[in-house]
Structures are given as C-alpha cells and as structure tokens.
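First the proteins, then the strands, lettered A, B, ... as listed; each starts at 1. Computed from a prediction, not measured in an experiment: that's the story for all the values here.
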Amino acid sequence: TQTLNILLLGFKESGDITAVELFYHDMIRRGFKPNVVTYNIRIDAYCKKGCLDDALRVMKEMEGMKCKPTVETMTTLIHGASIARNPIRARRLFDEISTRTLQADVGVYNALLGSFVRSGDLKGGLDLMDEMEKKGIQHDNVTYHTMFLALKNLDGVGAVCKLYRRMVEKGFVPKMRTVVMLVKFFCENQRSDLGLDLWEYMVGRGCCPHGHALNLLVTALCCRKKVEKAYQCMKQVVERGRHPS
RNA sequence: CCGUUCCUAAAC
C-alpha cells in the first residue's frame, strides 16, 4: 500500500488526475487496500485541478469505507477551496474540523489564511493570526511568508511594518527568503532604515544573512548616503568568515 | 508514504 501511495503521489505531482484514478482503480481490483494517505492523495489531485466537488466526493467515499479523514484531508480541501477562490467554503470546511473532533494545527490555519488573502481579505487574515495566538498555535514561516507577501502586494509599507514589529516582539526568526523579500521591499519603498533594522535583528539572533540580502541593503544604503552603515554591515559579514562578492 | 506560503524543470 505504501508503494501504491508513492506511485500515486508521482502521478499526482505530474498533474495527471486521469492517471491517478486509472492506476488507483486498477490496483484496487488487484486487491490493494487503500489507507487514509491513499485517499488524501486522490483528494489533493482533484483539489489541485480545481475540482473541489470531485474531491469532496472522494472524501464521502473514504468515509463510506470507514476511513476517517485526518487534519491533512481538511487542509487539502481548504486549499482546494482557496484555489477555487471560495473563502466562505474554506471557512466552512475549517469549522468542520472541530465537528469531526480533529486537532487543528498550524498547517490548516495556514491553508485558511492563504484562502483569505488570496481573495484579498487582509483583515480576515490578520484576525485569523490573532485567533491562532489565542488558541496557542504558533505562527511559523509559512504563516509569516503568506501574510507578508499579501500585505506588501495589497497594502503598503505601513501594514508590513506593523506585522514585522509584531514578529520581532515575539523573537521569531524568519527564513532567509522572507528576509530577502522584506529587505528588498523596505529598500524599494525608501525605508532602507527598516531593512537595516531587520539586518541587525538577524545578526543579533545569530543569523548572518547571505550575500543577496547584503547586496540589496548595501546598494540602498549607499544611494542614501549612508555609506558608513553599509560598511558596518559588510564588516559584520566578513567578521563571520563569509566572503561577500 | 499525504496537506498549508514562496522558489524550482522541460517545452514554446
């Protein structure tokens, strides 16, 4: 069954829903027993194609086989609703999690967050982040990246800055790709001071951001006649044994 | 063995 699942996963990743279903039914005829992962893969295959109703049909089918959906199943379906640009439906599926006595995790919250911001509902997204906090679910790299990206595209430097401060207060250390995105965004919006602030925060947390972020920052700082600051950043990198190009 | 953000191949 695990082997079957791995093969199904391969068909799913290549986007071939027909192959997924043909292969699945063929293997069942040969006596393979599907498990929850098997169903989740089929559900995801339909969701990624935008066929939420077919995905829900497969969930009914799995329940008929006395196979209980997991939190991953719900995440997949919520993501499917997100792809179909249907945040209302995403929220409904999310609410089913407690009905089904499943434990919501950071993954489902992130999926719902994605659905909200995809439909332009930044307020809904920020409220959801508050809800996570209340429920004791820690924001992770996906949470921050999703929200920062949405704020920078749909709102402005003020909103991004607000979330940035909140993240720093919690002492959260983001992934480099988020740092690069933020530094670039701040610098492009004449706020190289915030870029520098983020840089110093990362260094203070023992992370030495790599060359790409440094180049962005140094260029922006130099353009704004802050060569001295730029020089200090570079020095920090060199002192850590890196070799900026 | 499966899910959530971003990135990623080939082809044109």
Chi angles and distances behind the side chain to side chain contact (heavy atoms under 4.5 Å, CB included) call for A/Tyr39, A/Val36: CA-CA 5 Å; A/Tyr39 286 113; A/Val36 58; 5.7 Å; no
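Base contact: A/Asp105 has a heavy atom under 4.0 Å from a base atom. Using a 4.0 Å heavy-atom criterion, one finds that A/Lys12 contacts the sugar-phosphate atoms exclusively. At the heavy-atom level, A/Val108 lies under 4.0 Å from base atoms of the strands shown. Residue-level contact check: A/Asp140 touches neither bases nor backbone, having no heavy atom under 4.0 Å from any strand. Base engagement by A/Thr75 is indicated by at least one non-hydrogen atom pair under 4.0 Å involving a base atom. Residue contacts for A/Arg42: at a heavy-atom cut-off of 4.0 Å it reaches no nucleic acid atom on any strand shown.
Donor-acceptor pairing under 3.5 Å is lacking for the side chains of A/Thr76 and A/Thr73.
Of all nucleotides in RNA chain B, those with any atom nearer than 4.0 Å to a heavy atom of chain A start and finish, going 5' to 3', at B/C1 to B/C6.
Judged as a salt bridge (Lys or Arg N to Asp or Glu O under 4.0 Å), the pairs with a partner in residues 100-110 of chain A (not counting sequence neighbours) are, in order, A/Glu63-A/Arg100, A/Glu96-A/Arg100.
Checked against the 6.0 Å centroid threshold, A/Phe185 and A/Phe148 do not count as a close aromatic pair.
Evaluation of the side chain to side chain contact (heavy atoms under 4.5 Å, CB included) rule for A/Asn141 yields A/Phe172, A/Pro174, A/Lys175 as partners, not counting sequence neighbours.
Tracing side-chain contacts under 4.5 Å through hydrophobic residues (I, L, V, M, F, W, Y), one reaches A/Val160 starting from A/Val180; they form part of the same cluster.
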